[in-house]
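Counting begins at 1 with the first residue of the sequence. In each ligand, atom 1 is the first atom listed, and ligand 1 is the first ligand listed. The figures that follow rest on heavy atoms only: side chains count, while hydrogens, waters and symmetry mates do not.
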Amino acid sequence: MKIISNPKEMQSASLFLRGRHKKIAFVPTMGSLHEGHLALLKKGRELGDILVLSLFVNPTQFGPHEDFKRYPRDAKEDLEKAKSAGADFVFMPPAKEMYGENFETFAQLENLPKFLCGKSRSTHFRGVATVVAKLFNIILPHTALFGEKDYQQLKIIQKMVRDLNFPIEIVSIPIVREKDGLAMSSRNQYLTPQERQSALSISQSLTIAQAMVAEGIKNKSQILNTVSATLLETKKIRIDYVTLSDPETLEELKQFKLPVLLAIACFINKIRLIDNRILHP
Ligand code: AMP
């Protein structure tokens, strides 16, 4: 496994491999790898001749009062996990290699970032789209893999790839969960045991909503109220949003129709967690 920190060197390695007709699969991450990331790597290993992982805590996707500084970083453990997962390359650039002093070009979508997480994190998806576009140009993958855990991010990347004609196939994988249902996240390690217990109500409320839909309930407010009430039973939770949205446009539903995206973001003390589920009949 080769570790590269210089964008030019990574790009040269990719150009060389492409010249040899190798199919490159790419998994972008911010590190602190967990089973969700490992599932992406496993799928990438199946899809590519060459598997590239990036480890980069991207400063431009954090707001001024967010957790950029204290975001968990553990390069040593990540590299061990990457090796076991069969990565051929790990690209881990320092921030100054990605954003030089005069950096001023950003990738910005018009509509998809207006909804869900974009409402409270106004510059987040501009940072995400920009770093992913840069990583695509550096790593030159044939396929890139993303998790449905960050559903809005997935839709934004799919749209950017279509709109800007990146010759890249975007593959998604379902949310990987702990045995008790909690969606895996690098931020889960911030949680105290009590907070982790509270966090369980997030996935539980998604399951309750799916059961309501399966029973034939088609009332938007009834579903949203039940989900919110389930979350708020846990005193520690503060809701950022609970929405029923169109799975493609991400617009909030006016008329209830299935399938629908039920998306949740909430804070447990200062820790922001997200989860979602597509509700089917
Ligand atoms: P991150 O390191 O949090 O930026 O995530 C890197 C990639 O891993 C993104 O495509 C995420 O959607 C994906 N990911 C994170 N958590 C999970 C999970 N629990 N299940 C599936 N994919 C995940």
Side-chain angles (χ1 to χ4, degrees), residues 25-47 51-63 66-68 70-75 77-79 81-82 85 87 90-93 95 98 112 116-117 121 124-136 139 141 143-161 168-191 196 199-200 202-203 206 247 250 261 263-265 271-278:
F26 170 45
V27 176
T29 77
M30 298 207 297
S32 204
L33 300 182
H34 53 64
E35 294 293 328
H37 299 118
L38 298 186
L40 287 166
L41 288 169
K42 183 160 181 275
K43 185 84 189 158
R45 193 57 286 175
E46 287 163 24
L47 296 177
L51 177 59
V52 183
L53 163 73
S54 66
L55 300 173
F56 181 59
V57 184
N58 173 37
T60 62
Q61 70 188 68
F62 289 81
E66 292 180 356
D67 57 348
F68 173 67
R70 63 184 200 109
Y71 194 83
R73 290 162 174 91
D74 191 344
E77 203 172 315
D78 285 348
L79 292 173
K81 288 180 182 164
V90 177
F91 178 56
M92 41 190 311
M98 293 293 275
L112 287 174
L116 307 173
C117 291
R121 305 185 77 193
H124 173 65
F125 290 112
R126 181 176 93 138
V128 168
T130 303
V131 80
V132 170
K134 283 173 69 68
L135 290 167
F136 283 175
I139 288 152
T143 304
L145 297 102
F146 292 84
E148 289 163 16
K149 157 91 183 341
D150 298 273
Y151 189 90
Q152 187 172 18
Q153 167 175 286
L154 170 66
K155 289 290 134 187
I156 284 174
I157 301 303
Q158 286 171 336
K159 189 77 191 346
M160 178 179 78
V161 161
I168 299 172
E169 177 198 23
I170 302 299
V171 172
S172 68
I173 65 150
I175 300 175
V176 178
R177 297 179 178 282
E178 304 277 1
K179 279 203 185 69
D180 56 13
L182 180 66
M184 299 240 181
S185 162
S186 303
R187 289 188 169 98
N188 289 351
Q189 47 184 287
Y190 298 145
L191 299 167
R196 197 192 170 291
L200 287 182
I202 304 171
S203 54
L206 296 174
L250 306 184
L261 171 72
I264 297 176
I271 305 153
R272 189 172 184 279
L273 299 176
I274 56 170
D275 202 346
N276 71 80
R277 181 166 178 158
I278 306 266

For this session: Step by step, work out the side-chain contact (heavy atoms from CB on, under 4.5 Å) result for F136 and V161.
Result: CA-CA 10 Å; F136 283 175; V161 161; 3.7 Å; yes

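- The protein heavy-atom contact nearest to atom 5 (O) of ligand 1 is H37 NE2, 3.4 Å.
- For atom 15 (C) of ligand 1, the closest non-hydrogen atom of the protein is H34 CE1, 3.8 Å.
- Contact annotation: for S185 versus ligand 1, there are no heavy atoms closer than 4.0 Å.
- By the criterion of a heavy-atom distance under 4.0 Å, neither the backbone nor the side chain of E148 is placed next to ligand 1.
- When each of M30, M98, R126 is paired with V131, the side chain to side chain contact (heavy atoms under 4.5 Å, CB included) condition holds for M98 and for no other.
- Among protein heavy atoms, atom 6 (C) of ligand 1 sits closest to P28 O, 3.4 Å.
- Under 3.5 Å, the side chains of K155 and Q158 contain a donor-acceptor pair of N or O atoms.
- Residue E35 does not touch ligand 1, judged by heavy-atom distances below 4.0 Å.
- Minimum interatomic distance between S186 and H34 (heavy atoms only, all atoms of both residues): N-CD2, 3.5 Å.
- Closest protein heavy atom to atom 22 (N) of ligand 1: G147 CA, 3.4 Å.
- A distance-only check finds a donor-acceptor pair linking the side chain of D78 to the backbone of L33 [under 3.5 Å].
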Exercise. Are Y151 and I175 close enough, and set up right, to give a side-chain contact (heavy atoms from CB on, under 4.5 Å), and what steps lead you there?
Worked result: CA-CA 9 Å; Y151 189 90; I175 300 175; over 6 Å; no

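- Closest to atom 8 (O) of ligand 1 among all protein heavy atoms lies L40 CD1, 3.2 Å.
- Protein heavy atom nearest atom 23 (C) of ligand 1, with residue, atom name and distance: K149 CB, 3.9 Å.
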For this session: Take D275 and R177 through the test salt bridge (charged side-chain N to carboxylate O under 4.0 Å, His left out) and record every step on the way to the result.
Result: CA-CA 10 Å; D275 202 346; R177 297 179 178 282; 2.9 Å; yes

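- Summary of contacts: the protein heavy atom closest to atom 11 (C) of ligand 1 is D150 OD2, 3.0 Å.
- Where the criterion is an N or O separation shorter than 3.5 Å, residue side chain and backbone included, M184 meets it with respect to ligand 1.
- Residue R187 comes nearest to R272 through the heavy atom pair CD-O, 3.7 Å, listed as atom of the first residue, atom of the second, then distance.
- Q153 counts as a contact of ligand 1, since one of its heavy atoms falls under 4.0 Å from the ligand.
- Distances between N or O atoms of S186 and those of ligand 1 include no value under 3.5 Å.
- Of all heavy-atom pairs spanning L55 and P93, the tightest one is O-CD, 4.0 Å.
- Of all atoms in ligand 1, numbered sequentially from 1 with element shown, those under 4.0 Å from a heavy atom of F146 are 10 (O).
- Applying the 4.0 Å criterion to heavy atoms of M30 picks out, from ligand 1, the atoms 1 (P), 2 (O), 4 (O).
- For the pair V176 and ligand 1, the shortest N or O to N or O distance falls below 3.5 Å.
- Q153 places no side-chain N or O within 3.5 Å of a backbone atom of V128 that could act as its donor or acceptor partner.
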